[in-house]
Amino acid sequence: DVKVTQSSRYLVKRTGEKVFLECVQDMDHENMFWYRQDPGLGLRLIYFSYDVKMKEKGDIPEGYSVSREKKERFSLILESASTNQTSMYLCASSLDLSYGYTFGSGTRLTVV
Amino acid sequence: ELKVEQNPLFLSMQEGKNYTIYCNYSTTSDRLYWYRQDPGKSLESLFVLLSNGAVKQEGRLMASLDTKARLSTLHITAAVHDLSATYFCAVFITQGGSEKLVFGKGMKLTVNP
């Protein structure tokens, strides 16, 4: 089974901090995605990547950036964390969208 | 802008009952996905529907896709407590040369004894 691992289940950060959320997949998937999940809003796409060093903006990229230096790792960066970025962050990967996504376990980020 | 609407968003039902939930979407797509999420957990893939008329069944859940109506249904048969979770549908789209899934807001199902 594909495993998508997010390095932290829970994080608490201060306003203005630079925050790194890490995601690693072990099945050589080319496609990786970052979503945030908020009550009543469902899942919203932040950034995605189809290959190493490649990135594309999703629907809500403001305040975020990403890094994909290696195929298996896709990092989400909050340049200067703000309280409105408190959320559940979900990473997903996919070999082929015909199979859908495999999700990581999520990181619940609280910015205080 | 693509809209993926799930109906209802909240459902409380008794064990043993049947019910159908709906996922409507506003653009052409021939692929639709259903996911389940337990509280505090991540999303787990339930069904992948890849063509018009596709029907998949797993236990007490059956999903179908009508691409002409832009509608997918998830039918619950003889509900049990273990089905309590949030269910998401997601639609495959191609936008600006990129392929991605767009998710509905999720339907929270509670099955009462």
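Just so we're on the same page: letters track the sequence lines, and every chain starts at 1.
- When the shell of 6.0 Å around CE of B/Met13 is examined, it contains more than 12 heavy atoms from other residues, nucleotides or ligands.
- Ring pair B/Phe103/A/Tyr101 is tilted by interplanar angle, where 30° to 60° counts as tilted.
- Hydrophobic clustering places B/Tyr19 together with B/Trp34 (ILVMFWY residues linked when any side-chain heavy atoms are closer than 4.5 Å, directly or through intermediates).
- Of the two parts of B/Lys108, neither the backbone nor the side chain holds a non-hydrogen atom closer than 4.5 Å to a non-hydrogen atom of chain A.
- Salt-bridge check for B/Lys105 with A/Asp38: failed, with every basic side-chain N at 4.0 Å or more from each acidic carboxylate O.
- Put simply, CG on A/Leu43 and CG on B/Leu43 are 5.5 Å apart, with the number rounded to the nearest 0.5 Å.
- Ranked by heavy-atom pairs shorter than 4.5 Å toward chain A, the options B/Arg31, B/Gln6, B/Glu44 are led by B/Arg31.
- No more than 12 heavy-atom neighbours from other residues, nucleotides or ligands sit within 6.0 angstrom of CZ on A/Arg108.
- Of all heavy-atom pairs spanning B/Ser42 and A/Phe103, the tightest one is OG-CB, 3.2 Å.
- Contacts of A/Arg44 with chain B are absent, with no heavy-atom separation under 4.5 Å from either backbone or side chain.
- Taking chain A as the reference chain and counting heavy-atom pairs below 4.5 Å, the highest number among B/Gly106, B/Ala90, B/Ser98 is found for B/Ser98.
- Within the 4.5 Å cutoff, the side chain of B/Ser45 has no heavy atoms near those of the A/Thr102 side chain.
- Considering CG of A/Asn31 and CD of B/Glu99, their distance stands at 8.0 Å, rounded to 0.5 Å.
- Under a cut-off of 6.0 angstrom, the local environment of CZ in A/Arg9 is crowded, with over 12 non-hydrogen atoms contributed by other residues, nucleotides or ligands.
- Here CZ of A/Phe48 is found 5.0 Å from NZ of B/Lys100. Values are rounded to the nearest 0.5 Å.
- Of the atoms belonging to A/Leu45, it is side-chain heavy atoms, and not backbone ones, that fall under 4.5 Å from chain B.
- The contact between A/Gln37 and chain B is made entirely by side chain atoms (from C-beta outward), counting heavy-atom distances below 4.5 Å.
- Atom-to-atom distance recorded for B/Leu101:CG and A/Tyr35:OH is 5.0 Å, nearest 0.5 angstrom.
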